Amino acid sequence: QVQLVESGGGLVQAGGSLRLSCAASGRTFSYNVMGWFRQAPGKEREFVAAIKGGTYYSDSVKGRFTISRDNAKNTVYLQMNSLKPEDTAVYYCAASRYTTVQPVDFMTRPNSRDYYWGQGTQVTVSS
């Protein structure tokens with residue numbers, strides 16, 4: 001059974017930093033897209049960052065967030081710097097079920113059934 005378990009969320013002041021981790025188990029994802037999405041209250045889930053070969057970011061986090069992965073640990077990370085109150089959301093880790101899924105799919109299909117999902121971790125940025 002595949003599981004994605006996020007950690008590292010919490011409360012931080014504006015301008016601060018957090019590092020999210022997502023540990024996958026049940027299969028390896030070395031050749032699959034892994035990434036992060038977020039959903040704020042009353043808003044739809046949106047793409048944040050993805051990694052496969054290269055790294056891909058939404059315009060709203062580019063230059064502030066960094067995605068990375070450790071294939072040996074089957075883990076993906078999201079380093080979040082210069083946090084803003086508008087970054088407040090539940091952050092979800094995702095991994096593609098198929099190697100044919102590309103990062104552009106993560107960017108354009110934030111609710112696809114072609115991904116495994118974590119349970120989410122809350123990030124709250126106070127002003």
Side-chain angles (χ1 to χ4, degrees):
Q1 181 180 357
V2 172
Q3 283 191 313
L4 302 178
V5 180
E6 300 105 333
S7 61
L11 173 65
V12 64
Q13 288 188 331
S17 299
L18 283 174
R19 188 191 193 210
L20 305 183
S21 299
C22 172
S25 61
R27 57 167 285 187
T28 61
F29 291 98
S30 301
Y31 302 101
N32 298 62
V33 183
M34 298 189 77
W36 294 90
F37 295 80
R38 66 187 183 187
Q39 187 166 18
K43 296 188 177 182
E44 295 186 350
R45 184 176 297 177
E46 65 174 4
F47 166 77
V48 174
I51 184 168
K52 178 184 178 181
T55 56
Y56 305 83
Y57 300 95
S58 68
D59 288 342
S60 62
V61 308
K62 198 173 296 182
R64 300 187 296 122
F65 291 11
T66 302
I67 188 171
S68 61
R69 66 193 295 171
D70 184 337
N71 287 335
K73 295 182 178 180
N74 220 18
T75 298
V76 64
Y77 305 95
L78 186 67
Q79 177 67 43
M80 305 185 295
N81 298 329
S82 302
L83 282 161
K84 305 175 181 180
E86 51 264 44
D87 294 318
T88 295
V90 177
Y91 283 70
Y92 295 93
C93 171
S96 64
R97 294 178 182 267
Y98 315 110
T99 57
T100 51
V101 174
Q102 299 300 321
V104 66
D105 296 309
F106 270 43
M107 299 168 75
T108 58
R109 297 162 54 203
N111 295 297
S112 174
R113 294 183 179 182
D114 288 343
Y115 317 149
Y116 296 105
W117 293 96
Q119 81 286 356
T121 185
Q122 178 70 46
V123 171
T124 303
V125 184
S126 63
S127 56

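Predicted model only: the values in this text are computed from it and were never measured. Quick note: numbers below take in every heavy atom, side chains included, and nothing from hydrogens, waters or symmetry partners.
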Inset, instruction - Please confirm whether the backbone N or O of Q119 pairs with a side-chain atom of E6, one donor and one acceptor, at under 3.5 Å? - result: yes
Inset, instruction - Under the side chain to side chain donor-acceptor pair (under 3.5 Å) rule, collect the residues that match up with Q122, sequence neighbours excluded. - result: T124
Legend entry - Close side-chain approach of Q79 and S17, heavy atoms under 4.5 Å: yes
Inset, instruction - Taking all non-hydrogen atoms of both residues into account, name the closest pair between L18 and V123 and its distance. - result: CD1-CG1, 3.9 Å
Legend entry - Separation of L83 CG from R64 CZ (nearest 0.5 Å): 6.5 Å
Legend entry - Modelled atom types, side-chain donor and acceptor of R69 and N71, under 3.5 Å: yes
Inset, instruction - Could you check if a side-chain atom of E46 sits within less than 4.5 angstrom of a side-chain atom of P110, using non-hydrogen atoms only? - result: no
Inset, instruction - Measure across S96 and V101 and return the closest heavy-atom pair with its distance rounded to 0.1 Å. - result: CB-CB, 3.6 Å
Inset, instruction - Can you see which heavy atom on D59 is nearest to which on K62, and at what distance? - result: OD1-NZ, 3.4 Å
Inset, instruction - Check whether any side-chain heavy atom of V76 lies under 4.5 Å from a side-chain heavy atom of I67, and answer yes or no. - result: yes
Legend entry - Under 3.5 Å donor-acceptor, D70 side chain and T75 backbone: no
Legend entry - Test side chain to side chain contact (heavy atoms under 4.5 Å, CB included) applied to K52 and M34, step by step: CA-CA 7 Å; K52 178 184 178 181; M34 298 189 77; over 6 Å; no
Inset, instruction - Using a strict 4.0 Å threshold on nitrogen-to-oxygen distance, state whether D87 and K84 make a salt bridge. - result: no
Legend entry - Side-chain donor or acceptor of S21 paired with backbone N/O of Y77 under 3.5 Å: no
Inset, instruction - Find out whether the Lys NZ or Arg CZ of R38 is both under 6.0 angstrom from the six-membered ring centre of Y92 and within 45° of the ring's axis. - result: no
Legend entry - Chi angles and distances behind the side chain to side chain contact (heavy atoms under 4.5 Å, CB included) call for D105, V33: CA-CA 9 Å; D105 296 309; V33 183; over 6 Å; no
Legend entry - Near-ring test Y56/F47, centroid separation under 6.0 angstrom: no
Legend entry - Short side-chain donor-acceptor distance under 3.5 Å, T28 and S30: no
Inset, instruction - May I ask you to test the R45-W117 pair for a side-chain heavy-atom distance under 4.5 Å? - result: yes
Legend entry - Beyond-backbone contact of V125 with Q13, side-chain heavy atoms, under 4.5 angstrom: no
Inset, instruction - Looking only at non-hydrogen atoms, find the nearest pair between A24 and L4 and report the distance. - result: CB-CD2, 3.3 Å
Legend entry - Among F106, Y57, W36, side-chain contact (heavy atoms from CB on, under 4.5 Å) partner for V48: W36
Inset, instruction - Please tell me if the side chains of F65 and T55 come closer than 4.5 Å, counting only heavy atoms from C-beta onward. - result: no
Inset, instruction - Test the R97-Y115 pair against the cation-pi criterion, namely NZ or CZ under 6.0 angstrom from the six-membered ring centroid and within 45° of the ring axis. - result: no
Inset, instruction - Work out which heavy atom in A89 is nearest to a heavy atom in A40; give both atom names and the distance. - result: CB-N, 3.8 Å
Inset, instruction - For side chain to side chain contact (heavy atoms under 4.5 Å, CB included), just list the numbers for Y91 and Q39, CA-CA rounded to whole Å, side-chain angles, deciding distance to a tenth of an Å, and then say yes or no. - result: CA-CA 7 Å; Y91 283 70; Q39 187 166 18; over 6 Å; no
Legend entry - Note, V90 side chain near T121 side chain (heavy atom, < 4.5 Å): no
Inset, instruction - Report yes if the side chains of D114 and R109 come closer than 4.5 Å at any heavy-atom pair, otherwise no. - result: yes
